[in-house]
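Take a look at the following structure, please.
Reckoned from all heavy atoms, side chains included, excluding hydrogens, waters and symmetry mates. All residue numbers refer to positions in the sequence shown, counting from 1.
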Amino acid sequence: MRDFKKEEALNTLNHSCAHVMAQAVKHLFPEAKFWVGPVVSEGFYYDIDLGDQVVTDDMIAKIEKEMKKICKDGKKIIRKELSKEEALEMFAQDPYKIDLIDRMDEDTTTITCYSQGDFTDLCRGPHVDNVKMCRNFKLLKHSGAYWKGDANNKVLQRIYGVCLPTPEELEQHLQDLEDAKERDHRKIGKDMDIFMADDLIGRGLPMYLPNGYTIWQELEEYIKRKERKLNYLHVMTPCVGTVNLYKTSGHWDHYKENMFPAMEVEGESFVLRPMNCPHHMMIYAHRLHSYKDLPIRIGEIAHDFRFEASGAVKGIERGRHFCQNDAHLFVTPEQIKEEFKSVVDLILDVYKDFDIKDYRLVLSLRDPADKKKYHDDDEMWDTAEQELREVMNELGLEYTEEIGEAAFYGPKLDVQVKPAVGNEITLSTCQLDFCLPAKFNLTYVDKDGSKKTPVVLHRAILGSLDRFMAYILEETKGNLPTWLAPNQVTVLPVKNQYHLEYAQEIFDMLIDNNIRARLDAREEKLGYRIRESQLQKDTYQLVLGNTERDENLITFRKHGEQKSTTVTKEEFLAMIQAEIKNKGK
């Protein structure tokens with residue numbers, strides 16, 4: 001449960017500390033001018049014009065030292081209201097403040113400034129009582145930032161920091177930040193050779209290396225096995241579609257700004273597809289259906305493309321190319337509740353397999369006042385939203401409702417997870433759609449011989465395989481369970497001259513039994529090869545020397561453990577096969 005009072009107090013503290021930092025900068029660099037210094041999720045930052053100077057780590061250390069002096073001095077922070085005329089006069093020499101003041105409406109805006117000793121800045125506040133309260137701080141990083149975020153403007157110096165109420169809380173926060181760095185899937189992806197990116201290929205277009213593609217294939221086969229048990233029919237459809245396809249679906253009007261630009265070919269316009277529902281609608285439409293055929297569950301691991309803002313691109317968690325674990329369930333109105341329940345059951349079953357516990361359910365609804373964003377059919381929306389509410393209530397699920405978060409064609413259930421790094425993300429979703437089936441003139445023949453329009457459930461269990469992989473890497477710090485690990489066993493002969501033949505025999509046995517293994521017989525010291533295997537987070541290391549060779553044994557150590565265990569090769573094979581089959585449970 002969020003403690004809004006605590007959050008508000010923390011925001012006030014951080015905003016006050018931003019002013020302490022600005023005051024320290026002004027002491028050290030008297031010509032400095034300041035743009036804005038807002039509170040952000042990681043603490044605060046200030047954008048500063050330092051002329052031709054660029055912030056360095058040495059400068060950060062000096063600023064921190066000066067901030068400590070200011071906090072120790074303990075000056076009170078004093079609020080003062082100004083007229084627009086007074087504000088313009090007070091900040092007459094500061095073009096950044098003049099820009100802010102000029103855009104204020106003096107009839108509706110209360111202009112305030114805050115002073116602490118020899119420093120005064122234009123600010124809405126609120127602030128803490130005195131600067132001594134800001135003494136538990138740390139400056140975290142620095143970067144360049146365009147004024148107003150416009151690349152045509154001057155580059156300012158942005159300094160980030162954080163302030164906590166107590167030294168203990170600050171120390172814990174800094175430890176958490178270090179842990180977050182270690183958990184960042186981009187770092188893990190580089191360390192474990194999982195994926196790469198290159199600007200020559202394009203921002204937001206990651207490429208999976210052999211280790212990453214192995215994880216990918218395991219996730220794909222895992223979810224397909226579960227879907228096949230539920231009678232899903234898997235298809236493969238093209239990564240492009242005509243503009244007319246997306247005009248028919250409505251995506252062109254409601255989603256165009258998120259698509260890559262259209263390509264003109266032989267007098268026809270094509271786009272890289274941002275989603276798969278139009279293609280699946282056409283698969284359903286290619287032949288007649290009876291009510292006896294329904295539900296029809298069409299699934300696909302589908303490549304999609306969305307033109308994400310460059311600032312939003314983040315490794316494989318959010319890219320411009322990604323693969324959805326997508327499916328569309330074509331059902332009669334009477335089947336909605338049963339099929340929706342089946343989707344929820346599948347989501348919870350998958351979360352149990354991956355030990356995902358920190359999540360919440362959100363019923364995402366439309367904003368009735370927004371006629372541009374959403375398909376304009378009040379009756380359809382009322383019916384669809386009520387259907388989902390009833391199912392959620394009947395299942396006894398706890399959920400919250402969020403207005404304005406629905407898809408343009410219907411309400412949805414979103415499963416929000418809290419990853420080890422960063423803010424909440426949507427992992428799974430199930431959307432109810434009365435709109436697209438009608439747009440594509442989809443029908444089935446009902447019991448009475450009449451033609452009816454099916455209802456569609458759009459659902460993604462793993463979401464995108466890319467985001468799911470990023471989530472799992474961060475949750476596990478790359479220490480993946482054996483069934484998912486890129487390399488399950490590394491075979492290490494102590495000395496090639498004496499032990500390579502036996503190592504080759506063990507390697508062949510593992511490969512023949514579908515165990516992912518590699519034989520490291522490089523002419524390097526054993527300790528070096530062991531350390532490399534540990535850095536790659538290989539699940540098992542088999543060290544084979546004279547005893548193992550002479551007695552047909554295997555000595556293994558599992559990643560993360562210190563002890564070594566010696567067993568027969570048959571026992572090791574049976575053990576790892578059971579572990580893979582049972583997913584370590």
Side-chain angles (χ1 to χ4, degrees), residues 223-224 226-235 237 248-250 275-300 302 324-350 361 363-366 375 377 379-395 397 399 406-415 428-461:
I223 195 63
K224 279 186 173 179
K226 286 193 173 291
E227 290 173 345
R228 283 192 287 265
K229 286 183 178 180
L230 296 170
N231 296 316
Y232 280 72
L233 306 171
H234 292 107
V235 299
T237 58
T248 300
S249 68
M275 69 286 297
N276 319 296
C277 33
H279 290 75
H280 291 185
M281 300 290 160
M282 297 305 297
I283 285 180
Y284 178 92
H286 91 287
R287 70 178 185 85
L288 296 174
H289 297 282
S290 161
Y291 72 95
K292 295 178 182 179
D293 302 328
L294 273 55
I296 294 174
R297 308 176 186 93
I298 297 175
E300 182 174 9
Q324 288 196 75
N325 160 223
D326 208 7
H328 293 90
L329 284 52
F330 298 83
V331 305
T332 67
E334 296 78 20
Q335 294 169 336
I336 291 173
K337 292 182 179 179
E338 182 180 349
E339 287 301 305
F340 185 82
K341 180 181 182 302
S342 177
V343 170
V344 173
D345 287 343
L346 179 55
I347 291 172
L348 299 181
D349 184 42
V350 168
L361 306 179
L363 192 56
S364 297
L365 310 174
R366 68 158 176 166
H375 176 66
D377 186 336
E379 184 179 354
M380 181 277 286
W381 277 100
D382 291 342
T383 300
E385 291 178 352
Q386 189 55 35
E387 285 274 8
L388 284 194
R389 277 196 196 93
E390 288 178 7
V391 178
M392 299 288 282
N393 293 335
E394 287 177 14
L395 290 174
L397 298 172
Y399 64 95
F408 80 84
Y409 48 73
K412 58 179 178 171
L413 168 68
D414 286 330
V415 185
S428 308
T429 185
C430 184
Q431 305 167 5
L432 183 57
D433 180 8
F434 290 84
C435 175
L436 261 61
K439 284 179 174 287
F440 281 91
N441 297 313
L442 304 185
T443 61
Y444 64 92
V445 179
D446 208 356
K447 296 176 183 178
D448 60 4
S450 63
K451 287 189 175 182
K452 299 285 180 63
T453 302
V455 181
V456 169
L457 293 175
H458 306 240
R459 49 108 291 192
I461 306 302

**OP:** Side-chain contact test, heavy atoms from C-beta onward, threshold under 4.5 Å: evaluate it for Leu457 versus Leu432 and give yes or no.
**Re:**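 The answer is yes; the side chains approach within 4.5 Å.
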Original post:
Distance-only, no hydrogens or angles: does the Asp446 side chain make a donor-acceptor pair with backbone N or O of Asp448 under 3.5 Å?
Top reply: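 Such a contact is absent between Asp446 side chain and Asp448 backbone.
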Subject >> Partner of Arg297 by side-chain hydrogen bond (donor to acceptor under 3.5 Å, both in side chains), out of His234, Glu339, Glu227, His328 >> reply: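 Answer to the side-chain hydrogen bond (donor to acceptor under 3.5 Å, both in side chains) test with Arg297 among His234, Glu339, Glu227, His328: Glu339.
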Subject >> Minimal non-hydrogen separation, Gln335 against Pro295, with atom names >> reply: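 Distance-wise, the nearest heavy atoms are NE2-CD, 3.4 Å.
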**OP:** Report, as yes or no, whether the 6.0 Å neighbourhood of atom NZ on Lys341 holds more than 12 heavy atoms from other residues, nucleotides or ligands.
**Re:**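 Open.
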Original post:
Does one side chain, of Tyr399 or Asn393, offer a donor that lies under 3.5 Å from an acceptor on the other?
Top reply: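 Yes, because at least one side-chain N or O of Tyr399 sits under 3.5 Å from a partner of the opposite role on Asn393.
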Subject >> Residue pair Val456, His280: steps toward the side-chain contact (heavy atoms from CB on, under 4.5 Å) verdict >> reply: CA-CA 10 Å; Val456 169; His280 291 185; over 6 Å; no
Original post:
Considering the options Leu397, Thr429, Val344, which one meets the side-chain contact (heavy atoms from CB on, under 4.5 Å) requirement together with Leu413?
Top reply: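 Per the side-chain contact (heavy atoms from CB on, under 4.5 Å) rule, the option paired with Leu413 is Val344, out of Leu397, Thr429, Val344.
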**OP:** List the atom of Arg389, the atom of Leu365, and the distance in Å for their closest heavy-atom pair.
**Re:**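 Taking every non-hydrogen atom into account, NH2-CD1, 3.5 Å.
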Subject >> Nearest-0.5 Å distance that lies between atom CZ in Arg459 and atom CG in Asp326 >> reply: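 The CG atom of Asp326 is 7.0 Å from CZ of Arg459, to the nearest 0.5 Å.
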Original post:
Does CD in Glu394 sit with more than 12 non-hydrogen atoms of other residues, nucleotides or ligands closer than 6.0 Å?
Top reply: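 Yes, because the 6.0 Å sphere around CD of Glu394 holds more than 12 heavy atoms from other groups.
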Original post:
Can you find a pair of side-chain heavy atoms, one from Leu294 and one from Tyr444, that are under 4.5 Å apart?
Top reply: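 Sidechains of Tyr444 and Leu294: in contact.
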Original post:
Distance from Ile223 atom CD1 to Tyr232 atom OH, nearest 0.5 Å?
Top reply: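 With rounding to 0.5 Å, CD1 (Ile223) is 8.5 Å from OH (Tyr232).
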**OP:** Dump the intermediate steps for side-chain contact (heavy atoms from CB on, under 4.5 Å) on Phe434 and Ile336, then the final yes or no.
**Re:** CA-CA 11 Å; Phe434 290 84; Ile336 291 173; 3.9 Å; yes
**OP:** With rounding to the nearest 0.5 Å, note down the distance linking CD in Glu300 to OG1 in Thr237.
**Re:**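 Rounded to the nearest 0.5 Å, the CD-OG1 separation comes to 3.0 Å.
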**OP:** Mind checking the OG-NE2 spacing from Ser249 to His279? Nearest 0.5 Å is all I need.
**Re:**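 Here the interatomic distance stands at 10.0 Å.
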Original post:
Any donor-acceptor pair under 3.5 Å linking the side chain of Asn325 with the backbone of Ile461?
Top reply: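 The answer is yes, because a donor-acceptor pair under 3.5 Å joins these two groups.
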**OP:** Find out whether Phe340 and Leu388 are in side-chain contact, i.e. whether some heavy atom of one side chain is under 4.5 Å from a heavy atom of the other.
**Re:**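 Heavy-atom side-chain distance check passes, below 4.5 Å.
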Original post:
What distance do Met282 atom CE and Cys277 atom SG have between them, rounded to the nearest 0.5 Å?
Top reply: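 The CE atom of Met282 sits 13.0 Å away from the SG atom of Cys277.
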Original post:
Hey, mind stepping through Val331 and Val455 against side-chain contact (heavy atoms from CB on, under 4.5 Å) and telling me if it holds?
Top reply: CA-CA 5 Å; Val331 305; Val455 181; 4.0 Å; yes
Original post:
When rounded to the nearest 0.5 angstrom, what is the spacing between NZ in Lys452 and CG in Leu442?
Top reply: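 CG of Leu442 is found 15.5 Å from NZ of Lys452.
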